[in-house]
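What follows is a set of notes on a single structure, which appears directly below.
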Amino acid sequence: MTLLQIHEPGETPLPHEGEAALAVGIDLGTTNSVVAFARQSKPAALHDETGRAMVPSVVAWDEVGRAIVGEPARAILADTPDRAVASVKRLMGRGLADVTAIAGVLPYKIESGAGAHDMVRVVAGGRARSPVEISAEILRTLKLRAEAALEKPVERAVVTVPAYFDDAARTATRDAARLAGLEVLRLVNEPTAAALAYGLDRGAEGLYAVYDLGGGTFDFSLLHLEKGVFQVLATGGDTALGGDDFDRLIAERMLSERKHDGLGDVLDTATVKKALLLARQMKEQLSERDQTSGRLDLAGKPSFHALTRGDFEALIAPLVARTVEIARSVLLDAGKVPADVAGVVLVGGSTRTLLVRQAVDAAFGRPPLTDIDPDEVVALGAALQAEALTGGSDSLLLDVNPLSLGLETMGGVVEKIVPRNTPVPVQLAQEFTTYQDGQTAMSIHVVQGEREMAGDCRSLARFELTGIPPMTAGAARIRVVFAVDADSLLTVSASERTTGIEQRVEVKPSYGIDHDEMADMLHAGLDHAEDDMMARLLAESRVDASRALLALDGALAADGDLLSATEKSEIDTAAARLRAAVAADDRNEIGAAAEALETLSKTFAERRMDRGIRRALSGLSVGELERRVGT
Ligand code: ADP
Ligand code: MG
């Protein structure tokens with residue numbers, strides 16, 4: 001009940017997207033979000049009345065359950081944490097099992113969704129809500145801001161997502177936008193958007209790096225630019241490393257200074273929050289000044305803390321070193337050296353920290369690109385893309401699918417249908433046939449990953465194509481179509497061509513791949529290339545051998561009388577040798593035994609053919625015979 005490949009994929013383009021009106025670019029961040037708009041290829045972030053572009057990605061609920069988003073929600077989070085939610089992006093498209101690893105860093109209660117594999121629910125403001133609902137509140141706020149600034153309704157957006165976001169997380173993001181009344185024109189990878197903002201797509205082809213250090217996450221991506229298309233070559237990072245950790249180190253230092261001065265504090269949440277808030281302000285000041293100081297007022301006992309940039313840098317040096325290490329290992333895994341990189345883009349508020357800039361400069365031997373505000377750069381790139389997609393400008397970016405998509409075929413071998421880094425949208429089809437006589441159903445197993453064997457890839461979906469009329473093995477024509485839309489979301493359909501029956505699934509994996517898993521999957525393909533090739537060759541030779549043995553059994557049952565006893569026993573011996581080779585997983589022996597069997601059964605095959613012809617002709621009149629030969 002499995003598939004055999006017949007044809008190589010053939011490409012069919014998807015229909016064009018419809019004409020669109022005003023569209024904005026949105027960076028939906030873990031810590032902060034930004035909305036931007038581009039006119040004549042000039043993007044600008046949209047500010048609130050006070051001139052702030054960043055909206056803290058925090059949602060709170062008031063007594064009657066109304067949502068409050070951004071700065072005021074952040075204030076509520078500080079006072080009454082059970083009424084507010086931050087960092088919800090970490091939960092997008094994730095099931096309970098996926099988040100246990102990060103649950104420790106999230107200060108709110110998480111429940112499992114309705115089904116075992118459903119997205120988690122967040123309990124806050126007296127209710128359980130899905131991450132999609134909560135993200136939608138942030139997006140709604142951004143939409144309103146854009147409408148106020150542009151004085152027009154805004155119904156379309158390009159939204160950015162981390163390069164490692166899988167299908168589930170991308171779908172969740174798109175659903176959140178829809179809920180907020182925004183049609184997503186395209187989901188664009190954050191590093192790609194940042195590179196676009198710098199106009200790198202119009203520059204020299206080559207390798208670019210994007211170093212993104214935000215509040216709680218570090219992402220490092222390598223992009224390859226070719227013919228105006230960015231491919232995410234490799235990504236790496238740490239989902240628990242960012243500016244918040246810098247704050248923590250400063251806060252700890254201040255609290256220990258107080259202890260040293262005889263001010264014994266009760267280290268409850270409120271105390272820690274106050275210290276963190278002050279730490280953050282001091283940290284941000286040190287991006288501009290050489291030294292700063294702050295007053296920490298706890299339990300009516302104030303203390304004063306001085307912090308020089310040198311002190312601060314000594315505190316955070318190990319964390320910064322770690323980001324550089326991650327960047328190095330991503331480069332190494334991609335088989336590149338720092339000198340191969342044509343430019344490094346800095347993204348994220350924490351890259352304002354001077355030590356970070358110096359460390360990146362030193363690691364790559366060139367100053368990073370810092371002209372564009374690192375808080376806004378992703379949103380600006382998204383806005384440019386939104387303008388391009390609505391016809392306002394002529395530069396059109398294509399994105400690529402991040403991991404190969406394929407099907408499991410006979411022997412557990414993966415047939416890659418949409419290879420990694422294929423520009424999307426794309427629709428690729430491949431034909432398969434049945435393996436056994438009379439096979440009436442076929443199970444389709446869709447997998448994602450770079451490995452050659454299905455067991456080593458991520459399973460995305462399984463479905464059955466049933467109702468295939470019984471035919472001899474190889475007669476059915478099963479066409480499987482993989483359609484990947486512009487957001488890397490996949491629909492798979494299978495149809496039997498002679499009967500027209502069709503089955504279709506929208507592939508929505510119920511839980512996500514985390515950052516590390518994604519990076520592992522990308523690298524695993526390279527690491528295991530040789531082993532995988534051997535495994536694949538072995539699996540294929542096993543399939544060929546089994547098919548030959550199956551055919552032989554059928555032939556012997558039907559026409560065994562055409563063989564003499566000696567011939568029959570010779571063939572039986574050769575068949576037994578092949579069976580033993582298959583059982584022993586010995587590829588060379590399978591090859592040799594299969595060849596020996598084929599040579600031996602050649603005469604048998606010829607005699608069967610003669611008999612077949614004689615049978616076909618017997619009983620036919622000359623007239624009929626002429627007609628048959630003539631057609
Ligand atoms: P995310 O991508 O996770 O949404 P951001 O890119 O908005 O996060 O980064 C937020 C982080 O940047 C916070 O830790 C914040 O303190 C830090 N940050 C903002 N401004 C500065 C600055 N001037 N100097 C150092 N860090 C800063
Ligand atoms: Mg960000």
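Numbering of ligands and ligand atoms starts at 1, following listing order. Quantities reported herein were computed from a predicted structural model and do not represent experimental measurements. Basis for what follows: all heavy atoms, side chains included, without hydrogens, waters or symmetry-related copies.
At a cut-off of 3.5 Å, with distance as the only test, no side-chain donor of Tyr211 or Thr351 sits close to an acceptor on the other residue.
Ring geometry for Phe230 against Tyr208 counts as perpendicular: the plane angle is over 60°, on a 0 to 90° scale with 30° as the lower cut.
Salt bridge Glu252/Arg248: absent, no basic N to carboxylate O contact under 4.0 Å. Between Arg129 and Glu137 there is no salt bridge, since no side-chain nitrogen of the basic residue lies less than 4.0 Å from a carboxylate oxygen of the acidic one. Salt-bridge annotation for Arg94 and Asp166: present, with a side-chain N of the basic residue lying under 4.0 Å from a carboxylate O of the acidic one.
The 4.0 Å heavy-atom shell around ligand 1 contains residues Gly29, Thr30, Thr31, Asn32, Met54, Gly214, Gly215, Gly243, Asp244, Arg280, Lys283, Glu284, Ser287, Gly348, Gly349, Ser350, Arg352, Thr353, ordered by chain and number.
Counted within 6.0 Å of CZ on Arg309, heavy atoms from surrounding residues, nucleotides or ligands total more than 12; the atom is thus considered enclosed.
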